[in-house]
Amino acid sequence: MRTTFPWRLVKFVSAAALLALPLLFALSGWTESEDPFLPSLLPAEDYRLISPQSYRLLLDQPHACRDRSPVLVLLVPVAPRDAAARRAVRATWGSAGADTLTLFFAGVPAGEDQGSLLQEESRRHADIIQMDFVDSYQNLTIKTLMMMNWVATRCPDASYAMKVDADIFVNVFYLLELLRTFPRTGYITGSVIRDGRPRRNPDSKWYLSEEQYPEDYFPPYVSGAGYVFSADLARRISWASGFVRAIPMEDVYVGLCLRVLGVRPVYSRSLLGLRNLFEIRSLEYERCSFARRVIVNGFQPAELQEVWRDFSRGHSSC
Ligand SMILES: *[C@@H]1O[C@H](CO)[C@@H](O)[C@H](O)[C@H]1NC(C)=O
């Protein structure tokens, strides 16, 4: 018996495919961003490790934003034992005015228990939030997601947030001025690192195995010392973390979440591009040069207070 192979059908289908191809290309160009990236959901146990839902709040400030919507929430990760750093922040940029709200975020110390000291400090200042994960360098990614989740749920009407370390000089006066020019949504700015690569040397502090991070490059990300973002990103980054496996570099991690969201971090530079407004090196104090920067890195608590005494009085005459 002679089988009749459906050549006519094959011809028809190929012709249709040929015609459809350009259309498909056009459509994909239309819908995809410049940097196509298709995320997939994390396995449940990977997500459980980083999700704030997995941990218990030991200290909270649930009403910090009840009667007010701060323009800027300053989110400061600290270890429970960093009482001196918290004191310095409270005495300086942490209490710079009615438009800002400053909060400290801690985990629990791996060794000795400092719970009662922290409770006492929290009662006095009402500015500490603590969750029951182990407070360690590797767990800063968990802490970052805890801060994002806190802003998204406890302070949903804030306009902007800033993640900033406690050993940083923050020129809140200049920052509040700049915020008026920033987009209200989908915006994150700081010192952008575009050519970051994972260290493959196991001796490095920043070692990442290929299993942990298979790609050769990091997407652009803002240096974790201090970065500012429109508050809507707190919720969106929390959402994106459902697609991004934890790595122990919290700033790169935020960059990976931004890639999922299709949000590009913006480099904050002075008008001619000469000055990085988020200075991640440490610089010799000079009042009028600090007046034109948002952050400067590398301050011990006593130093910060000393510099602030001069700066807060003199910056407006620069
Ligand atoms: C991170 O926190 C989790 C939850 O508390 C803990 O099991 C884990 O040991 C911590 N990792 C490090 C490296 O401290």
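Order of appearance sets the numbers: ligands from 1, and atoms from 1 within every ligand.
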>> Test your reading of the model: is there a side-chain donor-acceptor pair from Q305 to the backbone of A302, 3.5 Å cut-off?
In response: no
>> For Y217, does the six-membered ring have the charged nitrogen or CZ of R197 within the cation-pi criterion, i.e. under 6.0 angstrom from the centroid and within 45° of the normal?
In response: yes
> Could you walk me through whether D251 and Y227 pass the side chain to side chain donor-acceptor pair (under 3.5 Å) check?
Replying inline: CA-CA 9 Å; D251 46 10; Y227 55 85; over 6 Å; no
> What residues come within 4.0 Å of ligand 1, counting heavy atoms only?
Replying inline: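 Those residues closer than 4.0 Å to ligand 1 by some heavy atom are Y55, F133, V134, S136, Q138, N139.
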>> Going by the rule side chain to side chain donor-acceptor pair (under 3.5 Å), which residues pair with R281 if we only count those two or more places apart in sequence or in a different chain?
In response: E279
Pair up each side-chain donor or acceptor in residues 62-69 with any protein partner under 3.5 Å, not counting sequence neighbours, and list the distances.
{"residue": "R68", "atom": "NH2", "partner": "A98", "partner atom": "O", "Å": "2.8"}
{"residue": "R68", "atom": "NH2", "partner": "T100", "partner atom": "O", "Å": "3.1"}

Determine all donor-acceptor pairs shorter than 3.5 Å in which one atom belongs to a side chain in residues 174-186; sequence neighbours excluded.
{"residue": "T181", "atom": "OG1", "partner": "L178", "partner atom": "O", "Å": "2.7"}
{"residue": "R184", "atom": "NH2", "partner": "S159", "partner atom": "OG", "Å": "3.4"}

